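Here is the structure we will look at.
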Amino acid sequence: MIKRIDSMEQLPVCLEIIHKSFKTVADKFNFTKENCPRHTSFMPIEKLEEQYKNGFKMFLYSFNDDNIGFFSVKSYDNNLELNTLGVLPEYRENGIGRSIIDFSKKYAREHNCRKIKISIVEENTILRKWYESLGFIHTGIKIIPDLPFTVGFMELTL
């Protein structure tokens, strides 16, 4: 079940899911607070609060009354930015990510968006292939000097 976050008081629960979900990526690519403090696995609550205040719509994915996934979206210029999609490691490979993508497609259409856009760690080829299997296409990369990875961009045309 997907439920929308309707108050900032719920953000600590969201942040816990974000940290646990993205820790596997940090571990795989050896990201630490020292070499990659801006990685999502180390996100401070203030950043999540800022996104909430700036209009990101945030959602929890729940299963058997347990919160096991998180994602946020923001629409702009007929696009939907899908951000911080994370599922707790022990619940992965059960179709939850696909359900979140399906929800995001429906949300995008309801908000007159023509594309869903995402950014990923470009070197995470497993994640990139997963998004490609869902119809996303790779649209480019960006090298940011203080990040130890390349940012990859993908989009899905609706």
Side-chain angles (χ1 to χ4, degrees), residues 1-29 31 39-43 45 47-141 149 151-158:
M1 179 171 111
I2 295 174
K3 55 187 175 184
R4 184 165 166 192
I5 300 302
D6 56 10
S7 77
M8 288 182 62
E9 287 75 35
Q10 296 170 285
L11 295 183
V13 170
C14 301
L15 189 64
E16 183 178 345
I17 293 168
I18 291 167
H19 286 165
K20 288 179 181 177
S21 298
F22 283 85
K23 183 181 184 314
T24 57
V25 176
D27 290 347
K28 180 177 180 175
F29 293 100
F31 300 154
H39 187 260
T40 312
S41 60
F42 310 116
M43 178 188 289
I45 190 72
K47 181 172 181 183
L48 198 59
E49 290 169 346
E50 180 182 326
Q51 290 175 348
Y52 185 88
K53 290 175 187 174
N54 287 329
F56 279 85
K57 307 306 180 207
M58 300 180 177
F59 300 88
L60 285 169
Y61 187 101
S62 299
F63 180 73
N64 289 339
D65 294 325
D66 291 326
N67 294 313
I68 61 171
F70 173 84
F71 65 103
S72 65
V73 298
K74 186 171 185 179
S75 56
Y76 66 95
D77 298 334
N78 293 342
N79 296 307
L80 186 75
E81 178 184 343
L82 176 57
N83 197 20
T84 325
L85 191 165
V87 176
L88 294 176
E90 60 269 29
Y91 292 96
R92 292 180 185 158
E93 299 188 27
N94 288 307
I96 295 165
R98 181 179 296 273
S99 294
I100 291 171
I101 296 296
D102 288 344
F103 177 92
S104 299
K105 287 180 189 177
K106 182 179 178 200
Y107 185 96
R109 287 184 183 106
E110 289 170 355
H111 291 83
N112 300 313
C113 296
R114 295 187 186 117
K115 292 181 181 181
I116 298 176
K117 296 187 174 198
I118 60 166
S119 61
I120 63 169
V121 172
E122 180 70 13
E123 292 80 3
N124 192 342
T125 55
I126 292 171
L127 183 62
R128 180 177 165 175
K129 287 179 183 177
W130 180 77
Y131 277 113
E132 288 173 340
S133 76
L134 297 173
F136 284 80
I137 59 166
H138 190 262
T139 58
I141 62 169
F149 62 90
V151 179
F153 298 97
M154 301 183 79
E155 63 184 39
L156 174 67
T157 301
L158 301 173

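Given the structure is predicted, the values throughout are model-derived calculations rather than measurements.
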Y61 and Y91 aromatic centres sub-6.0 Å: no

Approximate separation, where rounding is to 0.5 Å, of I118 CD1 and I101 CD1: 6.5 Å

For the student: nearest non-hydrogen atoms of V25 and H39, plus distance: CG1-NE2, 3.8 Å

Criterion side chain to side chain contact (heavy atoms under 4.5 Å, CB included) on L134 and M154, from CA distance to verdict: CA-CA 11 Å; L134 297 173; M154 301 183 79; over 6 Å; no

Parallel, tilted or perpendicular: ring planes of F59 versus F71, cut at 30 and 60 degrees: parallel

Minimum heavy-atom distance K23-S41, with the two atoms named: N-CB, 3.9 Å

Straight-line distance of M43 CE to Q51 CD, nearest 0.5 Å: 5.0 Å

Non-hydrogen atoms of N124 and F29 that approach each other most closely: CA-CZ, 3.6 Å

Nearest-0.5 Å distance, OG of residue S72 to CG of residue L82: 7.5 Å

R92 side chain vs G97 backbone, donor-acceptor pair below 3.5 Å: no

Exam field: side chain E16 to backbone V13, donor-acceptor pair closer than 3.5 Å: no

side-chain hydrogen bond (donor to acceptor under 3.5 Å, both in side chains) contacts in which one or both residues fall within residues 95-119, not counting sequence neighbours: K115-E155

Cationic N near anionic O, under 4.0 Å, R128 to E132: yes

Rounded distance [0.5 Å steps], NE2 in H138 versus CD1 in I141: 6.5 Å

Heavy-atom side-chain proximity of I96 to F63 below 4.5 angstrom: no

Distance (rounded to the nearest 0.5 Å) between L48 CG and T84 OG1: 7.5 Å

Considering all heavy atoms, the nearest L80-V73 contact: CD1-CB, 3.7 Å

Stepwise side chain to side chain contact (heavy atoms under 4.5 Å, CB included) test for I45 and L11: CA-CA 8 Å; I45 190 72; L11 295 183; 4.0 Å; yes

Heavy-atom pair with the smallest gap, counting every atom of I17 and L60: CD1-CD2, 3.5 Å

Separation between CD of E93 and CH2 of W130, rounded to the nearest 0.5 Å: 11.0 Å

Candidate list N79, N54, N83, test side-chain contact (heavy atoms from CB on, under 4.5 Å), partner K74, passing option: N54

Minimum-distance pair of heavy atoms, taken over all atoms of I120 and Y131: CG2-CE1, 4.0 Å

